[in-house]
Amino acid sequence: MNRIMNMCRFCGTELKHTFIDLGISPLANSYLKGEDLDRMEPHYPLCVYVCDRCYLVQLPVFESPESIFSDYAYFSSYSDSWLKHAKNYTDLMVERFGFDSKSQVVEIASNDGYLLQYFREKGIPVLGVEPAKNVAKAANEAGIPTLVEFFGTQMAQKLAREEKYADLLLGNNVLAHVPGLNDFVKGMKIILKPHGVITMEFPHLMRLMEQNQFDTIYHEHFSYFSFLTVEKIFSDHGLTLFDVEELPTHGGSLRIYARHNDDNSKPVSKRVLELKDREHTAGFRKMEHYLSFGEKVKETKRNILDFLIKAKREGKSIAGYGAPAKGNTLLNYCGIRTDFIEYTVDRSPHKQEQYLPGTHIPIYHPDKVKETKPDYLVILPWNLREEIMGQMAQVREWKCKFVVLIPEVKVYE
Ligand SMILES: [Zn+2]
């Protein structure tokens, strides 16, 4: 049977190798209202490929970025830990590169201006670029100048005509969401000043594979990067990665630092060489390494189902905590519905009284846990497990046990 041929979004090679096939799934952020439950729900393949030429791990685009991101519900300012991360980043950049009132900071996917506000506090001119109208509006109202657009060469040329060149050009958690990767990186090169710095943060493929974080794969994430591959992409567009940091955010992220190839004022750091070495040793230049991931994920699914089946046979009740996008990938792939997890709870009022896409597990206010006293509470946002176990410590009163499913099933006694 013929399938549409997929081409690598970086090097154009035909994609022949499956990294992981997670079946078909609805968009992870399409929460449902009660009246939608009887309607058809669009599902798309969640099959990730790896290119045998450049090793870019990638998902084909099924839903346009316009329809996914134009009216995004996520406001970064609502997360305390993320604000702290942004503040620390700002201090680090100013200290290291000496940005001041004569510098220009440009952020791509600047959300509601939660990060740029810290540069502005230091008197440094800022400009945000953000495609989601509602969040961009909030930023402008808060005094952070923000253009409502998707970033690419077209947008970059427009900024160049207005002489809006960047001393610092940054983008956090945007590179993975870009379908036109080459156009995006080429655009960054256009607006970077001769001695300017680019920093980008994105989840690190090495950590995703090591820690079995297959649930962080969903349709909004088009690309999954190793350092080796991202270096190749930037280099192809005349940009050198001169430094890198490994961060704990999102289960393990990279922050890369780029400059123009001919800007010799910033030598390539030891950290770059050390990380490339480590990825090389781990197998990121060999196809077998990428192809080993699928079996690991299938075994994880079997272990998760073993735990849930055994618990149900013993007559235990199981509730969930959290309704993150990653939970939806995991639940849909494993076929976990209300037959295993009766309901989940979330602190966000935007999610309460709705249903998870695909599995139709209802979402309630966290108080529901106290009312029903389940035997197990499965924490879906595993990256926040410490925080959640603290907030929900009261469940231990009736001997309820916390459970985390990734990287493997772990019951906290
Ligand atoms: Zn490729």
Side-chain angles (χ1 to χ4, degrees), residues 2-22 44-65 68 108 150-153 156 171 173-190 198 200-210 213-214 216-241 244 252-254 256 258 261 272 275-297:
N2 288 327
R3 287 193 80 154
I4 302 165
M5 213 164 41
N6 288 310
M7 303 298 189
C8 172
R9 72 168 49 93
F10 168 53
C11 76
T13 304
E14 185 191 340
L15 297 172
K16 289 178 263 180
H17 303 277
T18 301
F19 174 69
I20 176 70
D21 186 352
L22 296 169
Y44 304 90
L46 199 48
C47 185
V48 187
Y49 297 90
V50 54
C51 173
D52 58 17
R53 187 155 163 237
C54 70
Y55 297 120
L56 179 63
V57 171
Q58 54 196 295
L59 258 177
V61 176
F62 289 101
E63 189 63 85
S64 74
I68 297 177
I108 305 170
F150 279 97
F151 184 80
T153 49
N173 299 303
V174 58
L175 205 58
H177 298 268
V178 173
L181 194 53
N182 286 316
D183 186 69
F184 186 88
V185 179
K186 204 170 159 187
M188 290 199 291
K189 169 100 180 161
I190 293 173
I198 297 173
M200 298 257 125
E201 288 176 30
F202 48 84
H204 189 191
L205 180 63
M206 186 158 83
R207 298 301 305 277
L208 185 155
M209 291 180 70
E210 265 170 20
Q213 299 161 353
F214 68 87
T216 61
I217 294 169
Y218 42 91
H219 294 105
E220 289 89 332
H221 287 170
F222 303 131
S223 306
Y224 303 82
F225 303 100
S226 66
F227 184 82
L228 289 168
T229 295
V230 86
E231 185 186 49
K232 211 178 290 182
I233 295 167
F234 276 68
S235 152
D236 211 54
H237 293 284
L239 295 164
T240 299
L241 301 190
V244 62
S253 295
L254 291 183
I256 55 167
N261 278 351
V272 167
L275 180 58
K276 281 168 69 172
D277 238 30
R278 219 159 3 110
E279 285 193 352
H280 182 69
T281 310
F284 282 87
R285 282 191 175 114
K286 286 194 192 112
M287 189 48 92
E288 304 91 86
H289 178 59
Y290 296 89
L291 301 184
S292 68
F293 189 58
E295 187 49 39
K296 195 172 165 186
V297 172

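In listed order, ligands and their atoms are each counted from 1.
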Are there any protein N/O/S atoms under 2.8 Å from the Zn ion (ligand 1), and if so, which? Cys8 SG, Cys11 SG, Cys51 SG, Cys54 SG
Using distance alone, with no hydrogens and no angle criterion, decide if Glu210 and His204 have a side-chain donor and acceptor under 3.5 Å apart. no
Among residues two or more places apart or on two chains, list those pairs meeting side chain to side chain donor-acceptor pair (under 3.5 Å) that have a residue in residues 228-239. Asn182-His237, Ser226-Thr229, Glu231-Lys276
Mark yes or no for whether His177, through its side chain, and Glu220, through its backbone, hold a donor-acceptor pair below 3.5 Å. yes
Which side-chain N or O atoms in residues 53-61 pair as donor and acceptor under 3.5 Å with protein atoms at least two apart or in another chain?
residue	atom	partner	partner atom	Å
Tyr55	OH	Arg285	O	3.1
Gln58	OE1	Arg9	N	2.9
Gln58	NE2	Leu56	O	3.1

Using the ring of each side chain (for Trp, its six-membered ring), is Phe19 parallel, tilted or perpendicular to Phe293, with breaks at 30° and 60°? parallel
Residue list, salt bridge (Lys or Arg N to Asp or Glu O under 4.0 Å) with Arg278, at least two apart or on another chain: Glu246, Glu274
